[in-house]
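Structure first, commentary second.
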Amino acid sequence: MTNTKSLFETVTLGNTTLDNRVGVAPMTRISATSEGLVTDQMVSYYTSFAQGGFGLIIAEGTYIDDKYSQTYFDQPGIAYNEQAQAWKKIVESVHQAGAKIFMQIQHSGSLSQGNRFTKEKIAPSSIQPKGEQLAFYFGEGPYPTPREATKEEITEVVNGFVNAAKRAQSVGFDGIEIHGANGYLLDEFLTEYTNQRTDEYGGSTENRVRLLVEVSKAIREAVGKDFTIGIRISQAKVNDYTHKWAGKEKDAEIIFGQLGQAGLDFIHVTEHEAWKPAFDTSEASLASLAKKYGSIPVIANGHLEDPEKAKKIIENGEADVVTLGKGALANHDWVNKVKNGEPLAEFKPEEVLRPNAKIKEFEV
């Protein structure tokens with residue numbers, strides 16, 4: 001049996017001490033009410049991970065305003081105080097079960113498939129997204145072309161993230177994670193082919209990472225020094241799985257270097273396989289590059305449900321915490337099972353994500 005002791009040591013992210021180094025990755029489950037309110041089913045779902053031994057739960061991407069941020073119908077929101085108060089039930093239940101919980105706050109940009117406030121979408125540039133909308137989130141056909149965001153709208157986006165973070169803090173979340181990954185708005189600013197702007201937000205890598213840095217700094221200023229803040233970063237997108245940064249390690253140095261100076265407590269890196277080389281120019285994983293250039297704690301995500309792989313990425317010093325997505329969905333008690341040397345269940349997408357990604361009865 002693998003000695004997995006290193007996975008179960010305590011670790012600190014910002015002002016938050018976790019009982020172990022294993023977390024649940026944020027996963028959109030479109031199981032809120034149509035008004036974006038948390039349901040009792042969601043309370044049971046999140047609590048089950050805490051009861052299963054996970055030290056950290058990062059809640060699913062949550063929309064931040066009543067304008068352009070909502071990504072899917074029945075996605076939870078934190079645009080209003082009523083929505084924030086509904087999250088309190090989850091926070092209290094998870095805490096009671098012994099885990100910490102962060103909220104992931106999200107703006108969908110051009111990848112919105114269902115927004116009850118508007119059909120219009122904003123993005124850094126008016127460029128039609130690649131690929132097709134996601135069927136298990138009730139999407140169909142190509143993504144429509146978004147409108148280029150004005151400077152005023154960019155300021156509104158920053159304010160939306162700030163207000164969402166303050167609401168999350170007010171209802172007892174241990175921290176927040178800014179969604180800067182997977183092709184959504186902040187990642188669209190970071191990506192060359194979706195960002196064709198000629199102002200200070202477009203062009204060089206330094207300019208394209210600017211909005212992510214501004215959002216991070218603005219949140220830090222608003223919530224004070226003791227509230228834990230991180231950001232999620234990826235190369236791949238939900239509509240472009242094979243995307244790689246054109247500048248390779250030079251881009252990693254600029255992006256992680258800037259974010260490491262932005263008042264954040266962690267960088268959460270997600271790749272298809274977290275341990276694999278990020279680029280064809282070296283053996284370094286994206287997590288290890290985040291660690292090297294960001295100089296702050298790193299969370300690694302990407303097919304780490306095998307305890308041996310999870311342990312290795314921690315022991316190699318590439319990451320401080322690992323998060324599981326499909327591995328956690330298949331084993332809400334992954335941590336307890338691994339601790340006890342019990343076999344792990346295989347993830348069955350046909351059971352969990354079909355016909356849609358809503359939480360199923362057996363998951364709670």
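Rounded to the nearest 0.5 angstrom, His303 NE2 and Glu305 CD are separated by 6.0 Å. Rounding to the nearest 0.5 angstrom, the gap separating the OG1 atom in Thr323 from the CZ atom in Phe54 is 9.5 Å.
Side chain of Asn301 to backbone of Thr270: no donor-acceptor contact under 3.5 angstrom is found. Distance alone, capped at 3.5 Å, places no donor-acceptor pair between the Lys217 side chain and the Val215 backbone.
Residues in residues 41-50 take part in these side chain to side chain donor-acceptor pair (under 3.5 Å) pairs, two or more places apart or across chains: Arg29-Tyr45, Tyr46-Glu60, Thr47-Ser93, Ser48-His332. Applying the side chain to side chain donor-acceptor pair (under 3.5 Å) test to residues at least two apart or on different chains, the pairs with a partner in residues 162-176 are His95-Asp174.
No continuous path of hydrophobic side-chain contacts links Val335 to Val11 [ILVMFWY only; heavy atoms under 4.5 Å].
Using a 4.0 Å cut-off between charged nitrogen and carboxylate oxygen, Lys67 and Glu156 count as a salt-bridge pair. Here Glu153 pairs with Arg147 in a salt bridge; the nearest charged N to carboxylate O distance falls below 4.0 Å. Salt-bridge annotation for Asp19 and Lys100: absent, with no side-chain N of the basic residue lying under 4.0 Å from a carboxylate O of the acidic one. Ion pair Arg21/Glu9 flagged as a salt bridge, since at least one NZ, NE, NH1 or NH2 atom sits closer than 4.0 Å to an Asp/Glu carboxylate oxygen.
Residues Tyr184 and Arg232 bring no donor and acceptor atom of their side chains to less than 3.5 Å of each other. For the residue pair Tyr293 / Glu249, a side-chain donor-acceptor distance below 3.5 Å is found, with atom types taken as modelled. A donor-acceptor contact closer than 3.5 angstrom is absent between the side chains of His243 and Thr191. No side-chain donor-acceptor contact under 3.5 Å links Tyr63 and Asn115. A donor-acceptor contact under 3.5 angstrom links the side chains of Ser110 and Glu188, judged on distance only.
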Residues 351-359 side chain polar contacts: donor-acceptor under 3.5 Å, at least two apart:
{"from": "Asn356", "atom 1": "OD1", "to": "Lys358", "atom 2": "N", "distance (Å)": "3.0"}
{"from": "Lys358", "atom 1": "NZ", "to": "Ile30", "atom 2": "O", "distance (Å)": "2.7"}
{"from": "Lys358", "atom 1": "NZ", "to": "Asp74", "atom 2": "OD2", "distance (Å)": "2.9"}

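The distance between the ring centers of His107 and His179 does not fall below 6.0 angstrom.
Take Ala32 and apply the side-chain contact (heavy atoms from CB on, under 4.5 Å) test, not counting sequence neighbours, and it matches Met42, Pro76. Residues meeting the side-chain contact (heavy atoms from CB on, under 4.5 Å) test with Gln128, sequence neighbours left out: Pro142, Thr145. Considering only residues two or more places apart in sequence or on other chains, Gln96 meets the side-chain contact (heavy atoms from CB on, under 4.5 Å) condition with none of them.
Cation-pi geometry between Lys309 and Trp275 is satisfied (NZ or CZ under 6.0 Å from the ring centre, within 45° of the ring normal). Tyr193 carries Lys130 over the face of its six-membered ring, with the cationic atom under 6.0 Å from the centre and within 45° of the normal.
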